[in-house]
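Structure record follows, encoded as structure tokens.
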Amino acid sequence: MAGNFGKGCHLHLIDGSAYIFRAFHALPPLTRKSDGLPIGAVSGFCNMLHRYVEGNTGPDAPTHVAVVFDKGSHTFRNDLYDQYKANREAMPEDLRPQIPLTREATEAFNIACKEIEGFEADDIMATLACRAREAGGRVTILSSDKDLMQLVGEGVEMLDPMKNKVIDRDGVLEKFGVGPERVVDVQALAGDSVDNVPGAPGIGIKTAALLINEFGSLEDLLDRAEEIKQPKRRQTLIEKRDQIELSKRLVQLDCDMELPFTLDDLEVKEPDPEVLLGFLTKMEFRSLTKRIADNAGVEAPAIPEPATAADAPEAAPDWPAIDAASYECVSDMEALHRWIARATDLGTVAVDTETTGLNEMLCDLVGVSLAVAPGEACYIPLAHLAEDSGEGLFASDAVAEGQLPMDQALAALKPLLEDAAVMKIGQNMKYDAKVLSRYGIEIAPIDDTMLMSYALHGGEHQHGMDTLAERYLSHTPIPIKELLGTGKSQITFDRVPLDKATGYAAEDADVTLRLALTFKPQLHRARVTRVYETLERPLVPVLKTMEMAGIAVDRGTLSRMSGKFAQKMAELEAEIHELAGEKFNVGSPAQLGDILFEKMSLPGGKRGKTGKYSTPADVLEDLATEHDLPGRVLDWRQLSKLKSTYTDALQEHINPDTGRVHTSYVQTGANTGRLASADPNLQNIPVRSEEGRRIREAFVAPEGKVLVSLDYSQIELRILAHMAGIDALKEAFRQGQDIHAMTASEMFNVPMDQMTPEVRRQAKAINFGVIYGISGFGLARNLRIPRAEAQGFIDRYFERFPGIKQYMDDTVAFAQEHKRVETLFGRVIHTPEIGAKGPRAGFAKRAAINAPIQGTAADIIRRAMVRMPEAIEGLPAKMLLQVHDELLFEVEAGAVDDLIGAARSVMEGAAEPVVKLDVPLVVDAGQGANWAEAH
DNA sequence: CTAGAGCGCTCG
DNA sequence: GTACGAGCGCTCTAGC
């Protein structure tokens with residue numbers, strides 16, 4: 001087939017850059033054994049090329065082929081629009097060195113490898129495809145990139161190499177709703193969040209296709225925009241005309257580039273086995289080398305085994321048994337330096353800190369343990385007291401013998417713990433990082449076995465070290481109680497004798513290291529590497545900074561409120577005793593139940609698990625029509641709750657050193673991916689009742705600063721609309737409509753302008769019910785209507801929004817088949833109870849329905865939090881709290897608007913570029929001197 | 001005396 | 001027997 005490209009020729013264009021990225025993300029992080037060079041993407045790429053060459057030998061084989069790559073990050077599109085591809089995530093460090101190797105690989109296969117500085121692969125392919133078609137040849141583009149679909153047409157088709165699916169005119173029509181010649185028009189309107197093509201706000205692919213089909217072309221549409229019926233859409237198209245026209249130029253591929261080569265240069269050539277095998281041998285691809293050598297009938301070149309097997313990915317568990325007596329207690333600087341050198345050499349070390357308490361903002365550092373290999377661990381005591389130092393009143397501060405001076409030891413450890421080239425592995429590393437930070441050490445980079453377990457096994461079990469050691473190492477670590485005792489006679493870790501402390505502390509580091517060796521290779525196989533790398537690990541330093549910042553709480557405000565509550569409670573208590581005719585503990589539901597349902601014989605008494613009457617608020621509310629007493633008890637309970645849980649307990653949590661309250665976020669606290677807040681919980685500070693909301697007045701900004709609150713509006717309903725694909729809901733969100741009113745209007749056939757608050761309230765309850773896995777019983781109880789009526793509402797809702805029912809059924813079916821569900825970002829939530837019988841089945845199904853929605857919302861705010869520090873860098877602002885869909889900041893008064901702008905933009909764009917939601921994310925902002933005003 | 005279960009209430 | 005996901009303070013009791 002030598003000679004000029006023309007009729008009968010068949011050109012294959014391979015989208016090399018797309019292949020590399022896919023290979024990189026799909027494969028585990030393989031490294032070249034001899035030197036640890038990352039080569040996962042190169043390996044995947046070579047396997048692909050090999051399969052390609054093998055698979056294209058028949059009569060339909062290509063006569064010409066090229067692998068085309070992007071080159072350079074600045075293209076003519078950046079000159080048109082400086083934001084083009086601006087929010088693209090940086091190339092992963094491990095991928096960077098592999099790029100030139102993939103060029104080398106292509107040449108080794110003797111395939112033409114084409115790239116031009118300052119041009120995207122797409123434009124090169126576009127130009128080649130056009131020239132080939134003009135010359136009368138056929139073209140197949142091996143890619144699934146929708147940006148290339150505009151090239152499809154007579155003589156040009158695409159082939160999705162992963163699915164082996166041909167994308168022709170019909171395929172494009174299916175994807176875009178228009179033919180290839182109008183694809184750019186649709187793209188210009190719909191925009192593209194991945195490439196940051198703006199498009200027309202509020203218009204997605206479907207709406208765009210509708211408009212283009214109606215008006216014929218983008219130009220006609222823009223010229224006749226006045227004729228569009230929908231007012232919002234009309235306005236958008238008129239106002240954003242420039243932006244849309246710019247978008248078209250961004251998505252339009254260049255079919256007429258100047259190329260420094262011709263089609264004839266792309267002629268298919270046989271690879272030279274010697275060159276190819278030389279490259280594969282250099283890369284140390286054993287199996288591919290052998291396969292290709294066998295095919296070529298030559299002997300496979302030998303690949304030397306690496307000298308050490310230290311980095312074998314599958315660490316065979318021929319580990320030594322865990323033996324607390326085998327660990328070293330480090331008592332001199334020479335030994336300490338030996339351990340540090342070993343850890344630095346290896347590049348990996350497990351670390352654990354021992355302290356005098358569980359509050360990392362108050363406790364003192366007592367010692368540090370390190371583990372470098374299974375069975376090889378040490379403990380470095382730093383602040384143990386002498387054994388005969390007595391207890392209680394007679395305690396002395398005599399320091400134990402055989403310990404390094406703390407400042408000297410920490411000075412030696414600091415370079416290791418802060419060394420960017422040494423991975424520090426921990427179990428709940430946030431705790432250790434906070435303690436160490438108070439001693440001047442900013443530990444990084446880190447890996448965390450608790451978070452690995454959460455990513456791998458969320459929903460299956462808890463992720464504490466004892467649980468993990470038991471399950472995955474069949475080992476029961478020494479219980480801390482064995483060292484400290486319990487209750488009143490409990491001692492602190494600094495009073496534990498060194499030998500016992502060494503066994504316990506070093507064992508923790510050893511166990512942590514073994515858990516990391518177990519979990520790390522599993523992350524890829526379970527397809528949760530991205531979850532771990534983007535949603536779990538990078539959140540640790542963010543949470544650490546927030547927790548250490550704390551929030552200012554005004555003790556005087558709380559104290560005054562406490563006094564008022566106490567007074568009012570005493571009055572109510574007297575009234576209650578009077579009404580009951582006897583004194584009893586109002587705080588005891590059991591005693592109250594007896595009074596209400598036995599002594600006073602009021603109706604509706606139900607007994608709980610322990611045979612006692614239950615007296616929850618809704619029951620008391622119903623009884624309030626029968627008697628004065630239940631209402632008084634409700635008032636008393638509200639005050640009691642506010643006083644004990646908030647105005648009193650919160651004061652106890654004000655840190656004497658900082659004068660602020662420091663919560664602790666439990667990253668693995670909720671199965672769905674939500675955070676939990678503890679000690680104290682700052683995610684359930686009252687807001688719904690007027691009296692309760694006043695508690696928030698005690699959360700204040702210091703002089704000259706302001707609290708700013710930003711919260712996602714209706715994020716879970718938006719996610720439901722997207723995931724279940726409900727067009728009516730999506731459209732309502734795009735139009736910025738009142739979603740509950742819109743639901744009510746659809747369900748009850750009430751026009752929006754005649755909506756009553758009561759009907760809207762019912763629709764709102766249904767919307768929430770859907771997110772929770774609605775049941776007639778639950779809705780009936782919530783709305784206080786008969787169950788049959790509630791069921792009627794649900795039936796009507798499903799009739800109107802059949803996609804919701806479909807989503808719920810599909811989700812449950814998926815959970816039953818796979819024993820897990822997933823969020824849009826790939827977070828896995830295991831549902832082991834899904835097959836249960838009896839009432840547990842209902843619980844499990846509802847949890848499975850809710851988890852992807854709640855979990856996706858949790859993922860989104862996590863992504864925002866991870867990006868936030870960079871986004872607000874330079875602003876005099878601190879992120880303080882997260883309350884599921886809200887972030888609270890403390891900011892200097894002059895920078896409030898800047899902060900709101902920066903934070904809002906991060907939050908509203910947090911799903912991108914991984915997920916393109918069909919609905920906008922909207923963030924509301926508030927500000928004030930205290931949290932009540934800011935919210 | 002202490003740990004843990006149960007209840008009830010707070011939040012999203 | 002039921003709305004989903006959390007944490008915590010109080011009461012009460014089983015068991016040391």
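Because only heavy atoms are used, hydrogens play no part in the values below, and waters and symmetry mates are left out as well, while side chains stay in. Residue numbering restarts at 1 for every chain, and letters A, B, ... go by the order of the sequence lines. All values derive from a computational prediction rather than experimental measurement.
For S614(A), counting side-chain heavy atoms from C-beta on, the closest listed nucleotide (dG8(B), dA6(C), dC9(B)) is dG8(B). Ranking dT2(B), dG7(C), dG12(B) by closeness to the K641(A) side chain, first place goes to dG7(C). Distances were taken from every side-chain heavy atom of A765(A) (C-beta onward) to each of dA3(C), dG7(C), dT2(B); the shortest belongs to dA3(C). Out of dC12(C), dC9(B), dT2(C), the shortest distance to the side chain of K612(A) is found at dC12(C). Considering only the side chain of R637(A), dC9(B) comes nearest among dA6(C), dC9(B), dC11(B). Among the nucleotides dA6(C), dT10(B), dC4(C), the one closest to any side-chain atom of P686(A) is dT10(B). Checking dG12(B), dG7(C), dG9(C) against every side-chain atom of A649(A), the shortest atom distance belongs to dG9(C). Comparing dG9(C), dG7(C), dT2(C) by their nearest atom to the side chain of A678(A) picks out dG7(C).
At the heavy-atom level, Y646(A) lies under 4.0 Å from the strands shown only through sugar-phosphate atoms. Heavy atoms of T615(A) sit under 4.0 angstrom from primed sugar atoms or phosphate atoms, though from no base atom. Counting non-hydrogen atoms under 4.0 angstrom, K609(A) reaches the backbone sugars and phosphates but no base. Residue-level contact check: D885(A) touches the backbone only, with heavy atoms under 4.0 Å from sugar-phosphate atoms and none from bases. Looking at heavy-atom distances under 4.0 Å, D648(A) makes no contact with the nucleic acid at all. Residue-level contact check: G769(A) touches the bases, meaning some heavy atom is under 4.0 Å from a base atom. Heavy atoms of A857(A) sit nowhere under 4.0 angstrom from any nucleic acid atom. Among the protein residues, S644(A) comes within range of the sugar-phosphate backbone only, with heavy atoms under 4.0 Å from sugar or phosphate atoms but none that close to a base. Using a 4.0 Å heavy-atom cutoff across all strands shown, I685(A) reaches sugar-phosphate atoms only and no base atom. Across all strands, N684(A) comes closer than 4.0 Å to base atoms (heavy-atom distances). Counting non-hydrogen atoms under 4.0 angstrom, E716(A) reaches nothing in the nucleic acid. G842(A) comes within 4.0 angstrom of nothing in the nucleic acid, heavy atoms only. At the heavy-atom level, G608(A) lies under 4.0 Å from the strands shown only through sugar-phosphate atoms.
A sub-4.0 Å separation between OP1 or OP2 of dC10(C) and a side-chain N or O of S588(A) is absent. Look at R688(A) and you'll find a side-chain N or O under 4.0 angstrom from OP1 or OP2 of dG12(B). Contact between the side-chain N/O atoms of T610(A) and the OP1/OP2 oxygens of dT13(C) is not found at any separation under 4.0 Å. Taking side-chain N and O atoms only, N585(A) has a distance below 4.0 Å to OP1 or OP2 of dT11(C). Contact annotation: Q638(A) side-chain N/O to dT10(B) OP1/OP2 distance is not under 4.0 Å. Taking only side-chain nitrogens and oxygens, R846(A) never comes nearer than 4.0 Å to OP1 or OP2 of dT2(C).
Straight-line distance from the CG atom of L710(A) to the C1' atom of dG12(B): 16 Å, rounded to whole Å. Protein atom NZ of K845(A) is 17 Å distant from nucleotide atom P of dG1(C), rounded to whole Å. In this structure, N767(A) places its CG atom 17 Å from P of dC4(C), rounding to the nearest Å. Rounded to whole angstrom, the span from the CD1 atom of I719(A) across to the C1' atom of dG12(B) amounts to 13 Å. Atom-to-atom, CD of Q591(A) to P of dT11(C) comes out at 9 Å; the value is rounded to the nearest Å. Rounded to whole Å, the distance from CH2 on W636(A) to C1' on dG8(B) is 11 Å. Computed from coordinates, the Q882(A) CD to dC11(B) C1' distance equals 12 Å when rounded to whole Å. H884(A) places its NE2 atom 13 Å from the P atom of dG5(C), with the value rounded to the nearest Å.
F798(A) carries K805(A) over the face of its six-membered ring, with the cationic atom under 6.0 Å from the centre and within 45° of the normal.
Of the candidates H662(A), M879(A), M868(A), M879(A) is the only one forming a side-chain contact (heavy atoms from CB on, under 4.5 Å) with M546(A).
Using cut-offs of 30° and 60° on the angle between ring planes, the pair F768(A) and H740(A) is tilted.
Each of Q854(A) and R787(A) was assigned the nucleotide of DNA chain C with the nearest heavy atom; the assignment lying further toward the 5' end belongs to R787(A).
Summarising the geometry of T823(A) relative to G855(A), their closest heavy-atom pair is CG2-C, 3.5 Å, with the distance given to 0.1 Å.
For dC9(B) and dG1(C), the P atoms lie 22 Å apart once the distance is rounded to whole Å. Using C1' as the reference atom, dA5(B) and dA3(C) are 24 Å apart when rounded to the nearest Å.
For the atom pair OG1 (T615(A)) and CD1 (I595(A)), the distance works out to 11.5 Å, reported to the nearest 0.5 Å. Atom CD1 of I695(A) is separated from atom CG of N930(A) by 12.0 Å, given to the nearest 0.5 angstrom. Of the inter-residue distances, the one linking L592(A) atom CG with I576(A) atom CD1 reads 8.0 Å to the nearest 0.5 angstrom.
Side chain of H463(A) to backbone of H461(A): a donor-acceptor contact under 3.5 angstrom is found.
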